[in-house]
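First comes the structure, then the notes that go with it.
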Amino acid sequence: MRVSTVWFLIFVLFTFPVLSSSHWWFMSQVYALGAKIMCNNIAGLVTYQRQLCRENPDVMVSIGKGAKLGVEECQQQFKDQRWNCSTVARDVSVFGKVMRKASRESAFVYAISSAGVVHEVTKACSRGELIGCTCDTKRKGRSHKGFEWGGCSDNIGYGLRFAKLFVDSREQERDARAKMNLHNNFVGRRAVKKHTELDCKCHGVSGSCQVKTCWKVMSQFGVVGAFLRERYHSGVQVTVDQSGNELVKIMADGSPAHPPRDNLVFLEESPDYCVPNTNTGSLGTTGRVCNKSTPGHGSCGILCCGRGFDTIQVEEVYKCSCKFNWCCYVKCHTCRRTVDKHVCKSPDDNVYNGNGPHLTASVANAQSNSQNRPAKKLLGDKRNKRRKERKNRKRGASSLSTNSLSRGDRENKKL
């Protein structure tokens, strides 16, 4: 069975101790010796990864952090969609059976994980936490835009190379799924490189910008995540060519073509994420909080798959009456408020007695209204109903006794 890349990357994070840069110089020999033992015992690593692990123990922590960063960003980007990148406890694939299908979702997970590794390794390099990596000093002199190159540019080249060596070496089968994973790993790495920007500092008298020094830095990882989410929606379904060596997409006229380099690719259509399915790993959308006032992603219409929603009241705790105290902190009170939350109904909520026909709109609304009545009003309705029943029983008893008496009188008269 193919082991998920994300699982063993996160496992690295918890296997290796996190050492500060100041401790490194005193403990490098001890750490390297321990790394050999730990690298040999990490489950799921291929031979070349174990070699890289033993030779670069300081980079392993950044690799694990990068995978964790990818998972968090995935959940942030898909929090308002039917598949919300939810993780499954005690599952080696982290995301459950969803990763078994070569779908858009698997494509995004591989890309965001690969991007996370590049991002964290490059950051660690810029912070001086890695022995074999320093700032990028290749750019020197005056730029054609009029500024001077200087400062500490992010050495993204090092992050790209190490991520490619470590992550891509897992795909040894060279089948269609491996080719898909390699392509999406590349898209993730390229997304980080594509979203670099200039950071500049002005030099001159009284803050003037007579001389401007600039250096290259990576964008916030959320920018990379948003870009890859766009690539997810414009993903291309592919297959392998007749030789089995390359991925191709089939054009409208039936001819094969190479997929775009920046697009995510997938082999299979996504499963239905509306209802739970143990075979596909879908958790369904029952109980998910939705927005009833806006259309699009996150709306109750889309997220609840047409099943409708229930409105519940919950109490929120938030900070209020915040004041700035000199110097230098903000003091706030803790306040509470009751807000309405809309949660998606279960598929079973729309079925009468569990197996009958679907409820009509009027019956469903009547039940919904009765469920939303205040508790006191419902209790009063029940009491009034019981009183009416007692009165009806008394009236029936009295009329029965009257009728029996009248029949007795008539019989006496006859006698």
Side-chain angles (χ1 to χ4, degrees), residues 2-14 62-123 159 163 166-168 170 177 180-195 218-236 262-268 270-271 273 280-285 288-289 296-298 302-303:
R2 189 187 299 270
V3 180
S4 170
T5 301
V6 184
W7 170 78
F8 80 86
L9 290 180
I10 294 178
F11 183 78
V12 168
L13 177 63
F14 296 102
S62 299
I63 289 177
K65 287 182 177 179
K68 187 170 182 290
L69 177 67
V71 173
E72 293 171 349
E73 185 61 30
C74 181
Q75 293 176 343
Q76 174 64 26
Q77 292 294 332
F78 286 85
K79 64 182 180 181
D80 59 352
Q81 300 203 24
R82 291 174 181 174
W83 176 71
N84 61 349
C85 208
S86 52
T87 57
V88 179
R90 296 182 297 278
D91 191 288
V92 296
S93 66
V94 179
F95 299 101
K97 293 181 180 178
V98 170
M99 295 299 294
R100 294 183 184 179
K101 289 184 71 69
S103 61
R104 293 175 188 264
E105 291 71 38
S106 295
F108 183 86
V109 168
Y110 273 82
I112 200 71
S113 301
S114 179
V117 171
V118 175
H119 201 270
E120 283 298 320
V121 171
T122 304
K123 278 177 59 178
F166 193 86
V167 179
D168 283 5
R170 286 198 54 77
R177 179 63 189 269
M180 166 190 155
N181 294 342
L182 288 171
H183 177 97
N184 294 320
N185 287 346
F186 169 79
V187 173
R189 293 193 299 269
R190 184 173 167 84
V192 181
K193 181 180 179 181
K194 189 173 183 176
H195 291 87
M218 295 181 298
S219 299
Q220 294 293 322
F221 196 64
V223 177
V224 177
F227 171 80
L228 289 177
R229 174 172 164 168
E230 292 177 3
R231 301 281 79 78
Y232 163 87
H233 289 297
S234 60
V236 178
D262 286 333
N263 273 79
L264 297 181
V265 298
F266 60 96
L267 301 170
E268 303 174 81
S270 301
Y273 293 107
T280 63
S282 171
L283 301 178
T285 61
R288 292 276 301 276
V289 177
H297 296 299
I302 293 179
L303 201 59

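Starting from 1, each residue takes its place in the sequence as its number. None of these values were measured; they are calculated from a predicted model.
Closest non-hydrogen pair, Val98 versus Ser106, comes out as O-OG, 3.5 Å. Residues Gly225 and Ile112 approach most closely at CA-CD1, 3.9 Å, considering heavy atoms. Counting all heavy atoms, side chain and backbone alike, Gly159 lies closest to Val118 at O-CG2, 3.9 Å. Between Cys74 and Trp83 the shortest heavy-atom distance is SG-CH2, 3.8 Å. Taking both residues in full, the closest heavy atoms of Leu228 and Ala115 are given as CD1-CB, 4.3 Å, listed atom of the first, atom of the second, then distance. Nearest heavy-atom pair across Arg104 and Gly235 is NH1-N, 3.4 Å.
No donor-acceptor pair closer than 3.5 Å links the side chain of Ser114 to the backbone N or O of Gly188. The backbone N or O of Cys85 sits less than 3.5 Å from a side-chain atom of Gln75, completing a donor-acceptor pair.
Here the CZ atom belonging to Arg288 is positioned 12.0 Å from the OH atom belonging to Tyr273, to the nearest 0.5 angstrom. For the atom pair OG1 of Thr285 and CG of Leu303, the computed distance is 5.5 Å after rounding to the nearest 0.5 Å. To the nearest 0.5 Å, atoms CD1 (Ile302) and NE2 (His297) are separated by 6.5 Å. Put simply, CD on Glu268 and CE on Met180 are 8.0 Å apart, with the number rounded to the nearest 0.5 Å. Summarising the geometry, atom CZ belonging to Arg190 is positioned 4.5 Å from atom CG belonging to Asp262; distances are rounded to the nearest 0.5 Å. A distance of 13.0 Å separates NE2 in His195 from CD in Gln220, rounded to the nearest 0.5 Å.
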Kindly determine whether Tyr110 and Met99 satisfy side-chain contact (heavy atoms from CB on, under 4.5 Å), including the steps that lead there. CA-CA 10 Å; Tyr110 273 82; Met99 295 299 294; 3.6 Å; yes
Give the C-alpha distance, both sets of side-chain angles, the deciding distance and a yes or no for side-chain contact (heavy atoms from CB on, under 4.5 Å) between Glu105 and Gln81. CA-CA 12 Å; Glu105 291 71 38; Gln81 300 203 24; over 6 Å; no
side-chain contact (heavy atoms from CB on, under 4.5 Å) between Phe166 and Val117, intermediate numbers included: CA-CA 10 Å; Phe166 193 86; Val117 171; over 6 Å; no
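Of the residues Val187, Val192, Asn185, the one that meets the side chain to side chain contact (heavy atoms under 4.5 Å, CB included) test with Arg189 is Asn185.
Cation-pi geometry between Arg231 and Phe227 is satisfied (NZ or CZ under 6.0 Å from the ring centre, within 45° of the ring normal).
Shown here is Lys101, whose NZ atom has more than 12 heavy atoms of other residues, nucleotides or ligands within 6.0 Å.
Using modelled atom types and a 3.5 Å distance limit, the side chains of His119 and Glu73 yield no donor-acceptor pair.
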